[in-house]
S.K.: 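The structure that follows is given in the form of structure tokens.
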Amino acid sequence: MNAEKMEVSQNSHQPPCEDKTEVHIEVQVKSQSTARRTEVRTHVMALLERHSLVMGSFKWTDFDDDFLTQNVQSVAIVDVEEQAPLDLKMSQLCIHIFSLNDDGPSTLNLDEEEALSAANHWLLPAAEFHGIWESLVYEEGIKTQLLDYVLTANLFSDKNIDSNLVAWNRVVLLHGPPGTGKTSLCKALAQKLSIRLSERYSYGQFVEINSHSLFSKWFSESGKLVTKMFQKIQELIDEKEALVFVLIDEVESLTAARNASQAGTEPSDAIRVVNSVLTQLDQIKRLE
């Protein structure tokens, strides 16, 4: 059975939308645009004022405004559960302005001698991840629950809620057969949150760890490689302007290695890797 873990770290604060019917508007700014976000917001608000009655989710890609045509790729009403008439004038509009990062993934190397690539690293929102969220279809409410879960964790962190009194886990475990979209969901959720929290964080960072790379060809070195990897992740988390996601792909391979080690069919180095990973995850989970 495949499994992955995604760690979400929180750093700062964005005030929530007021208590009305919330309608989320995602505004994709063209990568070459130099317009200030305040200007973009003003023109988008004027667009929504002119077209205040829409049918559920809707996207504008053609505009009756020269400024928007020059600077904005699209304006989309998103995450609306029902395709029913929607009066924007009676709603609390939550406008999220973003531009896509066109750079592909960079690699996170731990050992220059082995040229060991332990992880891929993307800056979010990434052009490569754009549209994945909309392409995934699950039971009604699943994606909304995931968003609410992370946003609630942010709220608990902002309010300094004692985790001993109100427990919440910032590690999410996805399990299921291969090809069911677990990795895609992790990437899509990270992309969506980097946009949804764009006023709170300047950018997002997504780290995808290859579990197999945690085993060094040199005996007893794997535990040290895990420590080096999480030290690099900690450096990313220390950037207060960044929202950081960590995905451990095929994490069940670590469990298998641990079981084999206990059974005597694998060297003890395997159990060191698993123990080191679990210890490092516990340290990340303590971050506010």
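Position 1 is the first residue of the sequence; numbering continues from there. Owing to the predicted nature of the structure, the values given are computational and were not obtained by experimental measurement.
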S.K.: Looking at residues at least two apart in the chain, or sitting in another chain, which of them share a side chain to side chain donor-acceptor pair (under 3.5 Å) with Thr144?
M.R.: Glu81

S.K.: Would Leu124 and Asn101 count as a side-chain contact (heavy atoms from CB on, under 4.5 Å) here? Give the steps.
M.R.: CA-CA 6 Å; Leu124 302 178; Asn101 189 300; over 6 Å; no

S.K.: Name the atoms and distances for all side-chain donor-acceptor pairs under 3.5 Å in residues 131-138, with sequence neighbours left out.
M.R.:
unit_1	atom_1	unit_2	atom_2	d
Trp133	NE1	Asp79	OD1	3.3
Ser135	OG	Ile132	O	2.7

S.K.: Out of Lys192, Arg196, His96, which one pairs with Glu26 under the side chain to side chain donor-acceptor pair (under 3.5 Å) rule?
M.R.: Lys192

S.K.: Please identify each residue that fulfils side-chain contact (heavy atoms from CB on, under 4.5 Å) with Asp64, with sequence neighbours left out.
M.R.: Leu47, Arg50, His51

S.K.: Nearest heavy-atom pair of Asn154 and Tyr201: which atoms, and what distance?
M.R.: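 In this case the closest contact between Asn154 and Tyr201 is OD1-OH, 3.4 Å.
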
S.K.: Apply side-chain contact (heavy atoms from CB on, under 4.5 Å) to Ile233 and Ile209, showing your working.
M.R.: CA-CA 11 Å; Ile233 292 171; Ile209 298 171; 3.9 Å; yes

S.K.: Looking at every non-hydrogen atom in both residues, tell me the closest pair between Thr69 and Lys30 and how far apart they are.
M.R.: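 Reported closest heavy-atom pair: O-NZ, 2.7 Å.
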
S.K.: Of all the heavy-atom pairs spanning Val29 and Val40, show the shortest one and how long it is.
M.R.: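 It is CG2-CG1, 4.3 Å.
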
S.K.: Using a 6.0 Å cut-off, check whether atom CD of Glu139 has over 12 heavy atoms from anything other than its own residue.
M.R.: no

S.K.: Tell me the closest heavy-atom pair linking Asn71 and Ala35, and the distance in Å.
M.R.: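 Smallest interatomic distance, heavy atoms only, reads OD1-CB, 3.6 Å.
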
S.K.: Enter the distance from Phe206:CZ to Asn120:CG here, rounded to the nearest 0.5 Å.
M.R.: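 Answer rounded to 0.5 Å: 9.5 Å.
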
S.K.: Between Glu49 and Lys89, is the side-chain contact (heavy atoms from CB on, under 4.5 Å) condition met? List the steps.
M.R.: CA-CA 7 Å; Glu49 183 74 20; Lys89 291 182 179 179; 3.5 Å; yes

